[in-house]
Amino acid sequence: MATVKAVRGTRDLLPPETELWNLIEATARQVFARYNFGEIRTPIFEDTGLFARSVGEETDIVSKEMYTWEDRARAQSEKTQSLTLRPENTAGVVRAYIEHGLGESGQLQKLYYVGPQFRRERPQKGRYRQFWQIGAEVIGPPSSGSESPLRDAEVLEMLATLLQELEITGWTLELNSVGSAADRAKYSDVLRAALVDVAPKMCGDCQRRAVTNPLRVLDCKVPEDQPIIESLPKIGDSLGKDSKDHFAQVTAALDAAGVPYKLNRRLVRGLDYYTRTTFEFTHGGLGAQNALLGGGRYDGLSEAIGGPKAPGIGFAIGLDRLVLTLQALESTQAPAPAAKADAYIASLGESLNAAALVLARELRRAGLRVELGDGSFRLKKSFEAADKIARRIVILGEDEHQSGILTVKDFTTGTQTKVPRAELAAYLARPAGE
RNA sequence: GCGGCUAUAGUUCAGCGGCAGAACGCCUGACUGUGGCUCAGGAUGUCGUGGGUUCGAUCCCCACUAGCCGCCCCA
């Protein structure tokens, strides 16, 4: 087949599905606004080094899933630059935070974004090479209160609210603390040491992880490995007092707000920048990719990419997965019928097409949704077309054009009436059947 | 990167080593003012791509590509 197709892992979103996407985005923007977030839009590609230094050189994302290319030099004096399609958006936001000196204001920055991200993974249900995320970041100098556990709780409460307003039920919030960077490094060492003896008895992946990224061993799903994992040192025991206090305040605030959560001491997220609070909202019915959204605190990220100390916390919602979840829930209820146009204007004869456009313009200016026929004399054809997409048909024949009295038929009731042009918009604005 | 399943009409899918099928959708039906329900008629297509076996392949075999599902990982 020689025809060009959307490349692997990418897809077209068509009406009416895009209506659902827009509804979700609009709801998110509305909720975020109530929490005083503002929108940020960062470039879709960045210098490759940004992701290597933030997400982590050793992570799967950076080591094998990025779309990276050498941007060619256009002049002899210009150097080539390695660029990468963003695999996530937090790095870009923090880069912008540093670049524009947003921390200099002393104010806490609350930013959200909506946009496509790119990872070269094997596509499957809920996983695409171009996928969409809605995310938000709370970041600022320590003096702005950015480190407060209240920020963590507020963000989680906001997410619970958003899911509620989207009428998504059946989700689970899994919560953990991986400690400060120091705690995390310490625990990593403890784990590595403990794994020396037991790793050879574990699955191949775990043997590899024991060396490269010991925390990942905790995520292993092989049944035989579970007893061994249970016997490994717990991350909670490696947390310093500050980290423990911080986490306790997060959970206390969630309890007070009535946000349900499940402690998951083995929740380790795959991006290197996470510190202290990490979380994931999961949902069944998503197949193997059950994470609806994920996030956490990143107290050292800004410094890792050369910025000032700027603790923060953020999350990213998998929009594709949100849509899937909503569609799955929707099917158990009534499927939403596609909205119909308010009127279909059938001009009888091409000589009336210009007049039909003028009429449509009037009605559309009045806020009505209007479709135009093609000037066919065959009313049968016009009726067939009109009935599929509109609630009423407006007939504009020679008589109507001369008299200014239009013929309108209501498809719901089947009744036909004459309406003076001056009253037409008001008439069509009425609900069908009235 | 690895494994399983799949690829036929616009869509969802049957099917068979020998003229390509259904349903839905689409078009037409006393063609210059009336749709829906029903009826009658009609058009669908290089049977994913490339090779092989065969007198003959949409069907059997191989490779490739893509999709779905799972692993890994993540949203």
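Quick note: numbers below take in every heavy atom, side chains included, and nothing from hydrogens, waters or symmetry partners. Each chain gets a letter, A, B and so on, in the order the sequences are listed, and its residues count up from 1.
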Considering only atom C1', compute the distance from C13(B) to U49(B) and round it to an integer number of Å. 22 Å
Could you tell me which nucleotide pairs with G10(B) by Watson-Crick or G-U wobble geometry, both distances under 3.5 Å, or answer none if nothing does? C24(B)
Measuring only the C1' atom in each nucleotide, how far is A66(B) from G50(B)? A whole number of Å is fine. 15 Å
Given that both distances must come in under 3.5 Å, which nucleotide forms a Watson-Crick or G-U wobble pair with G70(B)? C2(B)
I'd like to know if Arg122(A) reaches the base of C74(B) with its side chain, counting only an N/O donor and acceptor under 3.5 Å. no
Regarding the side chain of Glu121(A), the nearest nucleotide among C68(B), G33(B), C73(B) is C73(B)
Under a 3.5 Å limit for both distances, which nucleotide forms a Watson-Crick or G-U wobble pair with G50(B), could you say? C62(B)
One thing to verify: whether Glu230(A) and Arg266(A) come together as a salt bridge, which I'm taking to mean a side-chain N less than 4.0 angstrom from a carboxylate O. yes
Need one value for Phe315(A): base, sugar-phosphate or nothing, where a base atom within 4.0 Å counts as base even if backbone is also close, heavy atoms only. nothing
At under 4.0 Å between heavy atoms, what does Ile393(A) touch on the DNA or RNA strands: base, sugar-phosphate, or nothing? nothing
A14(B) and U6(B), which share atom name P, separated by this distance in whole Å: 11 Å
Does either side chain, that of Thr407(A) or that of Gln416(A), offer a donor lying less than 3.5 Å from an acceptor on the other one? no
Using ring centroids (six-membered ring only for Trp), state whether Tyr112(A) and Phe37(A) fall under 6.0 Å. no
Classify the nucleic acid contact of Gln416(A) as base, sugar-phosphate or nothing, counting any heavy atom under 4.0 Å across all strands shown. base
Remember a base hit wins even if backbone is also touched, and classify Gly375(A) as base, sugar-phosphate or nothing at under 4.0 Å, heavy atoms. nothing
What is the separation between atom NE2 on His401(A) and atom P on G33(B), rounded to the nearest whole Å? 18 Å
What distance, rounded to whole Å, do you find between the two P atoms, one in C19(B) and one in C59(B)? 13 Å
Residues Arg391(A) and Asp410(A) bridged, charged N to O under 4.0 Å: no
How many Å lie between CZ on Arg129(A) and P on C74(B), as a whole number? 17 Å
Are side-chain N/O atoms of Glu165(A) and Thr27(A) paired as donor and acceptor at under 3.5 Å? no
Return the value, rounded to whole Å, for the distance between atom CZ of Phe377(A) and atom P of U34(B). 13 Å
Measuring only the P atom in each nucleotide, how far is C16(B) from G3(B)? A whole number of Å is fine. 30 Å
Between Thr42(A) and Asn89(A), a side-chain donor and acceptor under 3.5 Å: yes
With a cut-off of less than 4.0 Å, is there a side-chain N or O of Lys388(A) near OP1 or OP2 of C26(B)? yes
Span that lies between the C1' atom of C5(B) and that of C74(B), in whole angstrom: 24 Å
Side chain Ser146(A), main chain Gly140(A), donor-acceptor under 3.5 Å: yes
Closest to the side chain of Arg378(A), out of G1(B), U28(B), G33(B), is U28(B)
Which is true for Glu384(A) with a 4.0 Å heavy-atom rule: it touches a base, it touches only sugar-phosphate, or it touches nothing? sugar-phosphate
Between U8(B) and G15(B) - C1' atom distance, rounded Å: 9 Å
Over all strands shown, is Thr407(A) touching base, sugar-phosphate only, or nothing at heavy-atom distances under 4.0 angstrom? base
Pair of N/O donor and acceptor under 3.5 Å linking G35(B) base with Lys409(A) side chain: yes
What does Leu322(A) touch in the nucleic acid at a heavy-atom separation under 4.0 angstrom: a base, only the sugar-phosphate, or nothing? nothing
Rounded to the Å, how far apart are Arg8(A) CZ and G48(B) C1'? 14 Å
Would you classify C19(B) as syn or anti? Syn applies when the glycosidic angle is within 90° of 0. syn
Assign Gly135(A) to base, sugar-phosphate, or nothing according to its heavy-atom contacts below 4.0 angstrom with the strands shown. nothing
The residue, Thr10(A) or Trp132(A), whose nearest nucleotide of RNA chain B is more 5′ is Thr10(A)
Compare the minimum distances between each of A66(B), G35(B), C73(B) and the side chain of Arg127(A), then state the nucleotide with the smallest one. C73(B)
When all nucleic acid strands are considered with a 4.0 Å heavy-atom cut-off, which category describes Gly349(A): base, sugar-phosphate, or nothing? nothing
Which whole-number value in Å describes the distance from Glu400(A) CD to G33(B) P? 12 Å
Rounded to the nearest angstrom, tell me the gap between atom CG in Leu293(A) and atom C1' in C74(B). 12 Å
Regarding Tyr128(A), tell me which of base, sugar-phosphate or nothing describes its non-hydrogen contacts under 4.0 Å with the strands shown. base
Under-4.0 Å side-chain N/O to phosphate OP1/OP2 contact, Gln124(A) with C68(B): no
Find the partner of G18(B): check Watson-Crick (N1-N3 plus N6-O4 or O6-N4) and G-U wobble (N1-O2, O6-N3) distances, both under 3.5 Å, and reply none if neither fits. C55(B)
Treating Arg95(A) as the side-chain partner and Ile305(A) as the backbone partner, does any N or O pair qualify as donor plus acceptor under 3.5 Å? no
Is U32(B) syn or is it anti, if syn means the base angle is within 90 degrees of 0? syn
Could you give the OH-to-P distance, from Tyr273(A) to C74(B), as a whole number of Å? 11 Å
P spacing across the pair C39(B) / C69(B), given as an integer number of angstrom: 38 Å
Counting heavy atoms from C-beta on, name the nucleotide in C68(B), A66(B), G1(B) closest to the side chain of Arg120(A). G1(B)
Using both distances under 3.5 Å as the test, list the Watson-Crick or G-U wobble partner of A30(B), or none. none
Do the numbers put Arg392(A) on top of the ring of Tyr427(A), so that NZ or CZ is under 6.0 Å from the six-membered ring centre and no more than 45° off the axis? yes
Find the distance Lys380(A):NZ to U32(B):P and express it as a whole number of Å. 14 Å
